[in-house]
Amino acid sequence: MKDKTKIGVFVCHCGNNIAGVIDVEKLTEYAKTLPNVVEAFNYKFMCSEIGQELIKEKIKNGEINRVVVAACSPRMHETTFRKVCNEAGLNQYLYEAANIREHCTWVNTQDTEGAYEIAKSHVRMAVAKANKLEALEKFRVQVEPTCLVVGAGIAGMNSALDLSNFGYKVYLVEKTTTIGGHMAQLDKTFPTLDCSSCVITPKMSEVLKAKNIELMTYSEITNISGYVGNFNVTIKKKPHYIDQEICTGCGTCAQECIVIAANEFDLGMKKRKAAYIPFPQAVPGKYTIDMDHCIKCGICAEICPVDAVKYDDKPTFVDIKVGTIILSTGYDLYDPTILRQYGYGKYPNVITGLEMERLMSSFGPTEGKVKRRSDLKEPSTIVFLQCVGSRDFTEKGNKYCSRVCCMYSAKQARLFKEKHPNANIFIFYIDIRAFGKGYEEFYDSTGREFHIKFIRGRISEVVEDEEHNIIVRGEDTLLQKLIRIKADLLVLAVGLEPRQDSNKITRLFNVQRSEDGFLMEAHPKLRPVETLTDGIFIAGAVQGPKDIPDAIAQAKAAALQSALLIAKGKVEIDPIFSIVLNHRCAGCKSCISVCPFNAISFNELQKVAEINKILCKGCGTCVAACPTSAIIQNQFGNAQLLPMIHNAVQKSEKIGG
Amino acid sequence: MLDYEPDIITNCTNTLVDSLKEAGYSEVDACIQCGTCSGGCPSGERTALKVRTIMRKVQLGIEDILSENDIWYCSTCYTCLERCPRKLPITDMIIFLRNLAVQKGFMLKSHLDLCKKFCFSGHGVPIDDKKWKELREFYGLKKVPPTVHSHEKDLDEVKRLLISSKFNELINIDSEELGIKKKVKVSIVEETLEKYITEEEKLKISKI
Amino acid sequence: MVQDKKYSLFLGCVIPNRYPFIEAATKKVFQKLGITLVDMEGASCCPAPGVFRGFDIDTWLIIATRNLTIAENNNYDIATMCNGCYGSLLEADHQLKSDVEKRNMVNYHLSKVNRSYKGSIKVKHIIEILYKDIGLDKIKNRVKYGRKNKLDLRIAVHYGCHLLKPSEIRPWGKDSETPHFLDDLVEATGCKSINYLDKYRCCGAAGAVRSAFKEISLDFTREKLTNMRAAGVEAIITVCPFCHLQFDLGQIEINKIFKDRIDAPFNIPVIYYTQLLGLALGMNPEEVGLIKDKELSGVPPFISIEPFLTKIGEKLEG
Ligand SMILES: Cc1cc2nc3c(=O)[nH]c(=O)nc-3n(C[C@H](O)[C@H](O)[C@H](O)COP(=O)(O)OP(=O)(O)OC[C@H]3O[C@@H](n4cnc5c(N)ncnc54)[C@H](O)[C@@H]3O)c2cc1C
Ligand code: SF4
Ligand code: SF4
């Protein structure tokens with residue numbers, strides 16, 4: 001026989017977050033009046049050790065066998081309180097949350113009474129549901145001890161190396177012909193000014209050598225199925241037209257190739273051949289023929305000492321099975337062409353920050369000497385403009401701050417000034433954001449030691465004179481004067497943007513994007529490297545603009561999260577999934593088309609829908625779509641929801657009124 | 001003793017912000033003082049107008065902008081509005097500030113004259129000399145254009161509307177002076193209202 | 001070709017009362033293109049966005065809407081030849097279409113003169129009609145002096161602010177900074193649109209600036225003229241009578257007021273776009289109001305159009 005339902009309600013003050021708005025004592029008293037509530041308490045922080053102990057004690061003593069915690073959002077502490085139940089010997093699914101913070105006090109700070117009424121209904125609903133909760137058991141699946149890392153920038157490389165050092169097999173898939181990402185394009189890095197190449201090239205060769213890393217460059221993911229611990233992934237390896245196994249990287253083909261194309265790595269500022277590697281230190285240093293430009297003249301095929309050239313090379317597809325996935329596809333740069341007032345694309349001496357980076361690089365198009373596109377002269381007056389495409393609320397820009405541009409402009413300005421002490425350098429800015437470790441000090445030195453002039457104001461427009469100098473027009477808002485500067489070079493500190501193909505990534509991997517368009521983390525504070533899809537993690541600038549230290553930190557965290565799953569060998573799955581009642585299912589397949597997680601398949605034998613309980617996230621879409629009510633969802637069935645709804649719409653008499 | 005009064009803002013009033021918000025320009029507090037507007041303002045290049053400062057003073061409630069010429073220097077070229085990264089409808093806000101200035105009685109004589117001309121003729125630039133008629137004829141057009149200049153009844157309509165919106169009072173012209181009797185028969189108004197206004201819209205009208 | 005399409009022609013003030021040849025030329029050119037421009041009987045000032053809207057937004061809106069209702073009664077979309085009128089009428093129409101409260105307020109006042117706004121028509125600049133409704137290709141096909149004896153004059157195009165901005169309620173797409181539709185239209189006649197510094201800048205006339213601070217207003221123009229002259233242009237093409245006046249009468253004024261700040265007096269002919277288009281379509285100069293000898297004095301054009309006519313004459317004969 002079932003035990004009698006004994007509900008304990010625990011009201012949290014959340015410091016002043018809740019108690020500062022509503023009367024928690026009164027709410028506790030109210031809770032005691034609800035059906036089957038035997039105990040009600042309130043405490044300053046229910047999530048604290050003391051709060052947790054309070055719940056445990058009541059469970060252990062047998063005083064209660066259902067727990068309702070009226071506190072913050074379940075996204076915050078559902079797991080905490082479930083664990084509490086578990087530890088006290090109560091099935092963890094007999095816990096229910098009443099969100100009286102995010103859904104109540106935070107949004108009604110001015111209206112104490114209204115907030116109290118809302119809090120009451122939340123508690124009432126939670127208790128109603130608690131009365132109908134059922135004990136459920138988690139189930140476990142095996143985790144394949146391998147990981148897929150997508151994108152081999154500084155973030156992806158770090159994740160891959162860490163996992164490989166743990167002893168796990170890693171597939172590192174990179175879209176371009178080399179690993180390294182944007183960092184490989186940088187000259188020196190703020191705030192330490194260490195040479196980017198010196199930092200990243202050893203890492204790149206480490207990746208190449210790591211015995212647990214299987215590197216696939218010039219490759220893309222084309223298909224993925226399965227679930228946490230057991231993903232089946234198809235990778236397309238694009239044809240290099242040069243056998244990568246045989247190629248020794250001697251470069252004879254490129255030397256003799258007669259077709260010239262723009263080198264993407266140098267943003268088109270330098271030329272390469274149709275047979276190429278993007279830059280000398282590229283990894284793996286094997287050559288590729290760019291078939292968009294190749295005229296198949298046959299010279300390289302003839303001249304290659306090891307006969308590696310294959311004009312009839314075809315893409316190959318590789319199927320792998322992995323336990324976890326890390327997405328680290330990085331960022332794209334904002335294209336400032338659309339801001340016509342700055343003349344990018346029209347005036348040769350207006351360039352972007354990344355172009356400046358290449359110009360400053362010793363293996364860049366000008367061997368480290370910054371030169372104007374118009375006349376190849378070295379500039380002596382350089383103007384930088386911050387926030388290009390960032391902090392811009394119009395349709396032409398992005399609302400967010402790109403976080404690295406203030407610092408990279410200060411860096412570039414300073415490096416240039418080191419070599420050209422007589423240069424005039426101006427940086428137009430709205431606010432300087434030097435938030436990282438050592439960043440403010442770095443910013444300080446740009447002014448203090450290098451006399452770079454920071455002008456508070458955003459350039460309004462530029463025009464060009466006959467010598468292709470750029471006349472910059474803006475206001476020095478601190479002087480409160482209009483300012484016109486004749487610059488030899490204008491550098492636009494363009495911001496970072498989500499990858500152009502982000503939608504493809506989100507569809508393929510079933511992950512979400514946040515409002516800014518970058519991939520979304522499961523929780524902005526508590527789960528920064530996880531996605532809402534179990535087993536898939538994010539690292540680096542794919543999650544939002546960030547500098548190298550932050551990208552690496554996140555990469556290491558993602559690797560660790562991934563390793564944790566693999567190390568456990570098994571993963572527990574929440575039993576909040578939907579179930580098809582076969583006798584009711586008419587086989588109409590409506591549910592299959594609506595499931596956002598592709599969790600439903602059709603059993604041709606029995607002519608009924610079948611839900612894969614691992615893939616199912618318990619979103620309930622199918623439940624609503626089923627015309628014969630053949631699908632029920634654990635913990636969110638009519639049994640639980642109807643009493644909640646009844647209690648939500650029921651008018652509570654005002655206490656004391 | 002100090003021989004000067006330090007210019008200290010001790011009291012930010014929200015009067016300007018509030019009037020702007022009420023008129024639908026809710027973005028005023030979003031200005032981050034970046035100076036994009038002022039930096040490219042062709043008027044500011046040659047006058048005291050500094051659009052950014054206007055926005056600042058609005059935020060802080062410093063009302064001297066209403067009595068100064070600056071807001072009248074704007075040529076309404078909309079350059080600033082197009083470029084503002086926070087999407088403030090700057091030019092439209094300046095126009096609204098002009099309204100507030102006029103309400104307080106701050107207006108320039110030439111503008112006042114123009115308004116008067118309009119009140120009497122229905123044209124800001126009317127035919128006020130016979131040479132303009134001759135000019136029209138020279139190019140093969142009717143002497144008088146088919147505008148209010150040709151239609152007494154329409155000019156009368158324009159004047160009635162100006163009285164209805166109390167524009168004449170704003171610039172101190174008596175309705176009699178315009179040749180229009182002050183009161184329009186109320187019954188006519190209500191009758192015509194019935195014709196085209198839906199029930200729900202009527203509710204809103206009662207607010208006016 | 002658009003067959004017998006009709007528009008309500010909104011005249012405004014400056015065109016009918018000061019620059020009637022723009023009215024005459026536009027009507028004829030449109031007729032030639034198969035479009036009838038129907039007069040809006042009893043229309044008033046738009047009213048001008050700088051002074052009147054600056055004085056009282058509600059009054060401005062009411063009077064502008066009264067003008068809209070005339071076109072509604074005609075039942076043809078509005079065609080305007082003036083950027084200011086375009087700005088006023090378009091903005092008013094937009095506000096009333098998107099804001100019920102404003103519409104009710106305006107209709108309340110309009111009811112006193114037995115009018116009401118329905119929102120049944122669109123407001124277009126004649127340039128929009130030419131560029132979007134008729135289309136560049138069709139215009140090019142109609143141009144008589146196409147390939148051979150081109151009218152290849154060097155032209156300074158002046159767009160005027162209110163034709164382009166605020167871009168949110170203009171039909172030209174995202175680029176309000178460097179559009180090229182008017183350059184395209186000018187080039188369709190065989191002329192060359194010459195790039196000059198700050199081509200898209202304001203002429204300085206609008207916003208109530210010219211009437212109160214003529215010198216400031218003309219200083220905008222002086223700068224533009226200097227840049228145009230530096231680029232070596234033979235004529236200025238306008239699409240707004242107020243810009244037109246600012247360049248035409250303005251040159252005379254600038255030659256006087258800024259005598260010491262300009263290298264030499266300005267004398268660049270100022271031509272309205274439909275006049276140029278008319279010539280290209282094969283009309284003779286008189287037909288499009290380009291007449292140099294007239295007895296009246298103290299009337300436009302103030303800056304002699306003779307150099308322009310001479311060049312045109314040479315081109316068309318040769
Ligand atoms: C001009 C400039 C200067 C900078 N200077 C500094 C500095 O001095 N110091 C500093 O700390 N930070 C600096 N940064 C920031 C720095 O570039 C980033 O923090 C860092 O590159 C982020 O690395 P990531 O690996 O996350 O992304 P990325 O470097 O963008 O790497 C992503 C990788 O994923 C690959 N990829 C993309 N899509 C796919 C796909 N679909 N499949 C497979 N692979 C894919 C890409 O090819 C790339 O190799 C600068 C940024 C700019 C723009
Ligand atoms: S451009 Fe916009 S945000 Fe910047 S100062 Fe002007 S009004 Fe403020
Ligand atoms: S609209 Fe007025 S304030 Fe704005 S840029 Fe033009 S002249 Fe200046």
Side-chain angles (χ1 to χ4, degrees), chain B residues 42-43 46-47 72-79 81-82 89 95-96 98-99 102 107-108 110-111 114-115 118 122-127 131-132 134-136 138-141 145-148 150-151 153-154 157-158 160-162 164-165 167 170-171 184 189 192-193 196-197 201 204-205 208, chain C residues 11 13-14 16-18 20-21 23-24 39-45 47-59 62-63 66 100-101 104-105 107-114 116 161 165-167 176 201-202 204 206-209 211-213 216-217 219-220 289 294 296 298-299:
Chain B
S43 180
R46 40 200 123 234
T47 67
W72 298 96
Y73 290 143
C74 166
S75 70
T76 66
C77 72
Y78 286 96
T79 307
L81 174 142
E82 290 288 323
I95 296 274
F96 180 74
R98 289 181 178 182
N99 277 210
V102 168
M107 53 189 109
L108 290 147
S110 57
H111 295 155
L114 224 96
C115 286
F118 170 66
H123 277 298
V125 183
I127 292 193
K131 70 177 173 189
W132 304 123
E134 287 166 16
L135 189 65
R136 286 185 62 81
F138 179 80
Y139 288 107
L141 296 164
T147 61
V148 276
S150 301
H151 300 277
K153 185 193 128 281
D154 288 274
E157 266 184 38
V158 169
R160 278 179 197 280
L161 289 172
L162 292 173
S164 175
S165 77
F167 189 72
L170 194 68
I171 59 170
V184 187
V189 175
T192 43
L193 264 179
Y196 60 85
I197 293 179
E201 284 179 345
K204 289 201 173 127
I205 289 205
I208 303 164
Chain C
L11 293 176
C13 301
V14 180
N17 303 344
R18 295 294 182 276
F21 53 76
E23 181 181 340
D39 281 329
M40 285 170 62
E41 299 290 342
S44 67
C45 176
V51 177
F52 299 113
R53 195 175 167 210
F55 264 53
D56 187 41
I57 294 174
D58 284 353
T59 307
I62 294 164
I63 301 291
R66 180 187 167 277
V100 191
E101 262 178 60
N104 287 335
M105 181 278 287
N107 270 339
Y108 164 75
H109 290 285
L110 287 182
S111 69
K112 297 184 181 176
V113 296
N114 271 318
S116 81
C161 305
K165 297 172 278 189
S167 59
S176 65
R201 272 210 161 183
C202 176
V209 179
S211 59
F213 313 103
I216 294 171
S217 152
D219 193 55
F220 284 64
K294 62 177 171 348
L296 286 168
V299 297

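Order of the sequence lines fixes the chain letters, A, B, ..., with proteins taken first and strands second; residue numbering starts at 1 for each chain. The basis for the numbers below is simple: all heavy atoms, side chains too, and nothing from hydrogens, waters or symmetry mates.
- Most heavy-atom pairs under 4.5 Å with chain C, from the set Arg136(B), Met107(B), Glu134(B), Lys131(B): that is Arg136(B).
- Heavy-atom pairs under 4.5 Å with chain B were tallied for Ala43(C), Cys202(C), Gly50(C), Pro47(C); the largest tally goes to Ala43(C).
- For Glu82(B), the part lying under 4.5 angstrom from a heavy atom of chain C is the side chain only.
- Side-chain atoms of His111(B) come within 3.5 Å of backbone atoms of Ala208(C) as a donor-acceptor pair (strictly under, hydrogens ignored).
- Heavy-atom distances place the side chain of Leu11(C), and not its backbone, under 4.5 Å from chain B.
- What you find for Asp219(C) and Arg46(B) is that their closest heavy atoms are OD2-NH1, 2.6 Å.
- Among Thr147(B), Leu162(B), Leu108(B), Ile171(B), the residue making the largest number of heavy-atom pairs under 4.5 Å with chain C is Thr147(B).
- Counting heavy-atom pairs closer than 4.5 Å to chain C, the top residue among Gly140(B), Cys115(B), Pro145(B) is Cys115(B).
- Interface remark: Ile216(C) contributes backbone and side-chain atoms alike to the contact with chain B (heavy atom separation under 4.5 Å).
- Looking only at heavy-atom pairs under 4.5 Å with chain B, the residue among Gly207(C), Ala212(C), Ser217(C), Cys161(C) that has the most is Gly207(C).
- Of the two parts of Arg201(C), only the side chain, counted from C-beta on, holds a non-hydrogen atom closer than 4.5 Å to a non-hydrogen atom of chain B.
- If you measure heavy-atom distances from Ser150(B) to chain C, you find no contacts under 4.5 Å at all.
- Looking at Leu170(B), only its side chain comes within 4.5 Å of chain C, counting heavy atoms on both sides.
- Counting heavy atoms from C-beta outward, Trp132(B) and Val299(C) have side chains that approach closer than 4.5 Å.
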Please walk me through it: do Phe220(C) and Ser43(B) pass side chain to side chain contact (heavy atoms under 4.5 Å, CB included)?
-> CA-CA 8 Å; Phe220(C) 284 64; Ser43(B) 180; 3.7 Å; yes
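- Of the listed residues Pro166(C), Pro49(C), Gly204(C), Gly289(C), the one with more heavy-atom pairs under 4.5 angstrom with chain B than any other is Pro166(C).
- The shortest side-chain heavy-atom distance between Arg98(B) and Cys74(B) falls under the 4.5 Å cut-off.
- The most heavy-atom pairs under 4.5 Å with chain B, out of Ile57(C), Val51(C), Val14(C), Asp58(C), come from Ile57(C).
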Is there a side chain to side chain contact (heavy atoms under 4.5 Å, CB included) between Asp154(B) and Arg66(C) once you walk through the steps?
-> CA-CA 10 Å; Asp154(B) 288 274; Arg66(C) 180 187 167 277; 2.6 Å; yes
Carefully, step by step, assess Ser176(C) and Tyr78(B) under the rule side chain to side chain contact (heavy atoms under 4.5 Å, CB included).
-> CA-CA 10 Å; Ser176(C) 65; Tyr78(B) 286 96; over 6 Å; no
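- Looking at Val102(B), the atoms closer than 4.5 Å to chain C (heavy atoms on both sides) all sit in the side chain, from C-beta outward.
- Top candidate by heavy-atom pairs under 4.5 Å with chain B, chosen from Asp56(C), Ile63(C), Ile62(C), is Asp56(C).
- Both the backbone and the side chain of Phe55(C) come within contact range of chain B, judged by heavy atoms closer than 4.5 Å.
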Check step by step if side chain to side chain contact (heavy atoms under 4.5 Å, CB included) holds for Phe118(B) and Cys13(C).
-> CA-CA 10 Å; Phe118(B) 170 66; Cys13(C) 301; over 6 Å; no
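- In this structure, a donor-acceptor pair under 3.5 Å is present between the side chains of Ser164(B) and His109(C).
- Remark: of the listed residues Thr76(B), Thr79(B), Leu81(B), Thr79(B) is the sole one forming a side chain to side chain contact (heavy atoms under 4.5 Å, CB included) with Lys165(C).
- Contact annotation: the side chain of Pro20(C) never approaches that of Phe138(B) to less than 4.5 Å [non-hydrogen atoms, C-beta and beyond].
- With a threshold of 4.5 angstrom between heavy atoms, Leu141(B) approaches chain C through side-chain atoms but not through N, CA, C or O.
- Phe167(B) contributes atom CZ, which lies 12.5 Å from atom CG of Leu161(B) (distance to the nearest 0.5 angstrom).
- When each of Ser211(C), Gly54(C), Pro16(C), Ser44(C) is scored by its heavy-atom pairs under 4.5 Å with chain B, the top score falls to Gly54(C).
- For chain B, no part of Ala48(C) is nearby; none of its heavy atoms comes within less than 4.5 Å.
- With a 4.5 angstrom heavy-atom cutoff, Arg53(C) touches chain B via backbone and side-chain atoms both.
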